[in-house]
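Note that ligands are numbered from 1 as they come in the structure, with each ligand's atoms numbered from 1 the same way. Worth knowing before you read on, the calculation uses all heavy atoms, side chains too, and leaves out hydrogens, waters and symmetry mates.
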Amino acid sequence: MRIGLIGTGRIGTFHAEALSRHPVVDALLLADADPERAARTAVRTGASAVAVEDLFTGAGGARGLPDAVVICSATSAHAGLIARAARAGLPVFCEKPIALDLPGTLAALAEVEAAGSVLQLGFMRRFDAGYGEARAAVAEGRLGRLHTVRATTSDPAPPPAAYLPLSGGLYRDCLVHDFDILRWVTGREVGEVYATGSDAGPAMFRAAGDVDTAAVLLTLDDGTLATATATRCNGAGYDVRMELAGELDQLAVGLDDRTPLTSAEPDGPGAPAKPWPGFLERFAPAYEAELDAFLRVVRGELANPCDGREALHALRIAEACEISRRERRPVAMTEIPGG
Ligand SMILES: NC(=O)c1ccc[n+]([C@@H]2O[C@H](COP(=O)([O-])OP(=O)(O)OC[C@H]3O[C@@H](n4cnc5c(N)ncnc54)[C@H](O)[C@@H]3O)[C@@H](O)[C@H]2O)c1
């Protein structure tokens with residue numbers, strides 16, 4: 001297969017390396033708004049650097065249209081690139097989110113649906129072994145009636161200040177993963193959210209109108225209560241977990257000898273020797289598996305595991321959280337358009 005990849009930054013370079021190793025990928029074409037970046041990653045991965053435009057027309061260095069494109073550019077460019085790919089009839093894998101707002105998300109989805117093309121979103125937790133086991137445990141009733149879910153995403157250190165105004169804020173940029181995986185693991189929809197956040201940490205969060213730490217209470221449509229918390233300031237390491245509690249049993253995702261958590265008990269586990277440093281290490285197998293799935297979707301071997309409508313639902317929950325935080329009140333999901 002000939003795969004085009006747009007955006008060779010942090011995640012794009014990681015995906016380019018995985019694609020360059022994949023047995024069904026014969027040719028990898030890399031493009032970036034900064035051509036030098038694309039050229040550098042092309043050298044590292046044995047790919048060809050091309051202009052972004054050429055991936056949609058097949059002209060120039062692309063030497064014909066690719067079989068599919070992988071979009072890893074800055075979020076603000078996602079919706080426009082998805083629309084261009086849809087008009088060119090190209091299947092798309094796109095990093096989350098589709099756009100930072102609902103109108104942009106709905107417009108991109110309309111293009112994809114009008115073209116009848118494939119759009120798979122990069123919610124890689126759906127490919128993580130632990131979350132997969134949790135979903136199976138819930139579906140098989142092994143936990144009994146589920147009553148409580150606790151989801152956590154903690155980054156070890158804040159991103160650069162320049163990233164914040166473009167990120168969409170902690171709910172859309174970070175907690176959106178927890179919202180997606182909560183729906184996927186439980187198989188339920190969120191009915192209502194009540195969100196709050198704190199900007200008591202580094203001043204750049206206040207300057208950007210964002211929060212460095214957030215907590216959300218989510219009520220699912222079967223009455224299950226969930227909490228989702230996130231922070232950009234977890235000095236112990238990268239900590240992504242989910243605890244599920246039911247009438248019969250409890251299960252924890254992300255609890256292993258690299259979890260950056262120390263027991264306060266005299267005989268409990270001490271600090272991990274090698275705590276998870278970041279998302280690329282913690283989710284490396286999941287990132288590879290989601291791209292492998294995409295190549296199978298393009299070849300017609302697999303149903304789309306995370307389409308644009310799924311991503312829309314996660315973004316709608318983040319939108320509800322922003323309203324809840326701003327207006328200091330619970331927000332019903334029926335208030336959010338696009339449902
Ligand atoms: N799924 C995940 O866990 C995960 C993790 C990190 C980032 N992401 C997402 O991936 C995307 C990229 O994040 P990153 O951390 O790699 O960012 P980055 O800033 O490291 O890289 C972005 C790249 O996109 C390029 N770019 C910007 N606009 C472009 C355009 N219009 N056309 C072509 N190239 C363009 C930039 O030059 C840069 O090289 C973001 O949307 C982010 O939300 C997802």
message = Quick check for you: to the nearest 0.5 Å, what is the distance between Leu29 atom CG and Ile3 atom CD1?
response =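 Going from the CG atom of Leu29 to the CD1 atom of Ile3 covers 9.0 Å.
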
request  = Walk me through it: do Leu121 and Asp307 pass the test side-chain contact (heavy atoms from CB on, under 4.5 Å)?
outcome  = CA-CA 6 Å; Leu121 264 293; Asp307 65 20; over 6 Å; no

For [X], counting its heavy atoms only, list the atoms of ligand 1 lying under 4.0 Å from any of them.
X: Phe279; answer: 5 (C), 6 (C)
X: Ile6; answer: 33 (C)
X: Met124; answer: 1 (N), 3 (O)
X: His177; answer: 1 (N), 2 (C), 3 (O)
X: Gly122; answer: 1 (N)
X: Ala77; answer: 30 (C), 31 (N)

Heavy-atom contacts under 4.0 Å between [X] and ligand 1: side chain, backbone, both, or neither?
X: Ile11; answer: both
X: Ser76; answer: neither
X: Lys96; answer: both
X: Arg37; answer: side chain

ask   = Does the Asp199 side chain pair with the main chain of Arg206, one donor and one acceptor, at a distance under 3.5 Å?
value =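 Side chain of Asp199 to backbone of Arg206, a donor-acceptor pair under 3.5 Å: no, none is there.
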
message = So, applying side chain to side chain contact (heavy atoms under 4.5 Å, CB included) with Arg232, which one of Val211, Asp155, Thr153 is it?
response =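 The side chain to side chain contact (heavy atoms under 4.5 Å, CB included) with Arg232 is passed solely by Asp155 among Val211, Asp155, Thr153.
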
Counting only heavy atoms, tell me which of [options] gets closest to [atom].
atom: atom 1 (N) of ligand 1; options: Glu95, Glu36, His78; result: Glu95
atom: atom 22 (C) of ligand 1; options: Ala33, Ala74, Gly7; result: Ala74
atom: atom 11 (C) of ligand 1; options: Cys94, Pro160, Gly168, Ser73; result: Ser73

inquiry  = Between the side chains of Arg2 and Asp67, is the shortest nitrogen-to-carboxylate-oxygen separation below 4.0 Å, so that they form an ion pair?
reply    =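 Not counted as a salt bridge, because no side-chain N and carboxylate O are separated by less than 4.0 Å.
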
message = Salt bridge check, Asp180 against Arg126: does any charged N sit closer than 4.0 Å to a carboxylate O?
response =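 Asp180 and Arg126: salt-bridged.
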
Starting from [atom], which protein heavy atom do you reach first, and at what distance in Å?
atom: atom 21 (O) of ligand 1; value: Gly9 CA, 3.2 Å
atom: atom 36 (C) of ligand 1; value: Asp32 OD1, 3.4 Å
atom: atom 20 (O) of ligand 1; value: Arg10 N, 2.9 Å
atom: atom 41 (O) of ligand 1; value: Thr75 OG1, 2.6 Å

Side-chain donor-acceptor pair under 3.5 Å between [X] and [Y], yes or no?
X: Arg84; Y: Thr57; answer: no
X: Thr213; Y: Thr231; answer: yes
X: Glu288; Y: His22; answer: no

key: Six-ring centre of Trp184, Arg125 cation under 6.0 angstrom, axis tolerance 45°   =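 No; the conditions do not both hold, so Arg125 does not lie above the ring face of Trp184.
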
ask   = Does the protein place any heavy atom closer than 4.0 Å to atom 17 (O) of ligand 1?
value =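 Neighbour list for atom 17 (O) of ligand 1 is empty of protein heavy atoms (cut-off 4.0 Å).
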
key: Any Tyr287 heavy atom less than 4.0 Å to ligand 1   =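 Checking ligand 1 against Tyr287, which is what was asked, there is a heavy-atom contact under 4.0 Å.
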
task = For residues Asp173 and Tyr163, report the shortest heavy-atom separation together with the two atoms involved.
result =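 Closest approach of Asp173 to Tyr163, heavy atoms only: OD1-OH, 2.9 Å.
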
query = Taking a hydrophobic cluster as the set of Ile, Leu, Val, Met, Phe, Trp and Tyr residues connected by side-chain heavy atoms closer than 4.5 Å, whether directly or through intermediates, do Leu106 and Ile323 fall within one such cluster?
reply =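 Looking at the clustering, Ile323 is in the same group as Leu106.
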
